[in-house]
Amino acid sequence: MASEDLANPFDDPAADPFEIARIAAEQIAERTGVEHHDIALTLGSGWGKAADLIGETTACVPATDIVGFSRPSVVGHVGTIRSVLLPSGKRALVIGARTHFYEGHGVRRVVHSVRTAAATGAKIMVLTNGAGGLKPEWAPGTPVLISDHINLTASSPLEGATFVDLTDLYARRLRDIARQVDASLDEGVYVQFRGPHYETPAEVGMAGRIGGDIVGMSTALEAIAARHAGMEVLGMSLITNPAAGISPVPLDHAEVLAAGVAAEPVISDLLARIVEKL
Ligand code: 8IG
C-alpha cells in the first residue's frame, strides 16, 4: 500500500467528508494563490489538452499534495490540480486526478474532487470522460453532451436522509451554450457501470433498453455530489469506442486510449471554446 493511502483522511469513517473538502480547498487557495475559483473541470481520458487551451495556467499542484486526493490509477490520467486564468478573467480549477468507483476506495473519495471544487467557490462543474457509445453513428472520437444519467453503481455519494432532486441535473442552460459553439453536438443518457471490466453485449443491450446511450465508469456519482453542493453540471463524453456488441470487434484498452489521443486536440479545442462562454 502506498504511503499516501495510509495517510488518507477518508480511512477514518468518522471523518466528515465536507470538512476534508473544506481543508483541501484552503490548501488549494494557499498553493495557487487564488482565493476563489468560479468554474471547475474534471478532465477524463481524451480531454487533458483542454487544460492548456482554456487560458493561462497560473499554478499547477500535484494532486497528492492536497488532502484527500490520491494518485490516479489509470495510465493517461494526469495527477495535477491547476488554476487557470480564463480570458474572461474568471478562474478555473482544472482537476486532472479522478478517483474511480472501481478502485474500491469508497464513494466519498470518488466525489472528493467535486466537493473540493465546490468549497473553492466553483458554481459550475464540468465533468468529462471517455466512454462507449450505443449509437452506431457515433464514430470513435465523437464528443457528445450528457443529457441525463442512469446510475447502475448501486451507490450514492449522499448519506442519510439526503433527498436531493436530480431533475435537469445536466443543466439544459449549459448544454444550450455548448450547442451555440457546436450546433452538431449530439446528446445522450450516460449509464454509469461500476467497472473496471467493460460491459458484456447483454449489459449494453440492457443499457439501451432502459434508455441509455453512453456507457462509462465515472461521472454520475460526481454529478450527484455536484448538484448536492449546489453546482450546475455540464457533462461531456468522448465516445472512444462502440460499446460491446455494438461493433463486431472486441474492445481493446489500447485502442480505446488511441482513439482518445487522436481526438484530443479537436475536442479539447471545442471544450475550451465552450468554457469561454460559461
Ligand atoms: I473509454 O465501453 C470507455 N470507458 N463502461 N464501457 C464503459 N466504460 C468505458 C467504455 C465502455 N469505454
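The analysis underlying the following values was restricted to heavy atoms, covering all of them including side chains, and did not include hydrogens, waters or symmetry mates. Atoms within a ligand are numbered from 1 in the order they appear, just like the ligands themselves.
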> Do Ser83 and His37 get their side chains close enough for a donor-acceptor pair, meaning under 3.5 Å?
Replying inline: yes
> So, Arg194 and Thr153: side-chain donor and acceptor under 3.5 Å apart, yes or no?
Replying inline: no
> In a check of salt bridge (Lys or Arg N to Asp or Glu O under 4.0 Å) between Asp168 and each of Arg175, Arg173, Arg227, which one passes?
Replying inline: Arg175
> Ion pair present between Lys135 and Asp186, side-chain N to carboxylate O less than 4.0 angstrom?
Replying inline: yes
> Is the shortest distance from a Lys or Arg side-chain nitrogen in Glu159 or Arg108 to a carboxylate oxygen in the other one below 4.0 Å?
Replying inline: yes
Ligand 1 polar-atom proximity to protein (N/O, under 3.5 Å):
| from | atom 1 | to | atom 2 | distance (Å) |
| --- | --- | --- | --- | --- |
| ligand 1 | 2 (O) | Asn241 | ND2 | 2.9 |
| ligand 1 | 5 (N) | Glu199 | OE1 | 3.4 |
| ligand 1 | 5 (N) | Glu199 | OE2 | 2.4 |
| ligand 1 | 6 (N) | Glu199 | OE1 | 2.8 |
| ligand 1 | 12 (N) | Gly132 | N | 3.4 |
| ligand 1 | 12 (N) | Asn241 | OD1 | 2.7 |

> Can we call the ring centroids of Phe18 and His228 under 6.0 Å apart?
Replying inline: yes
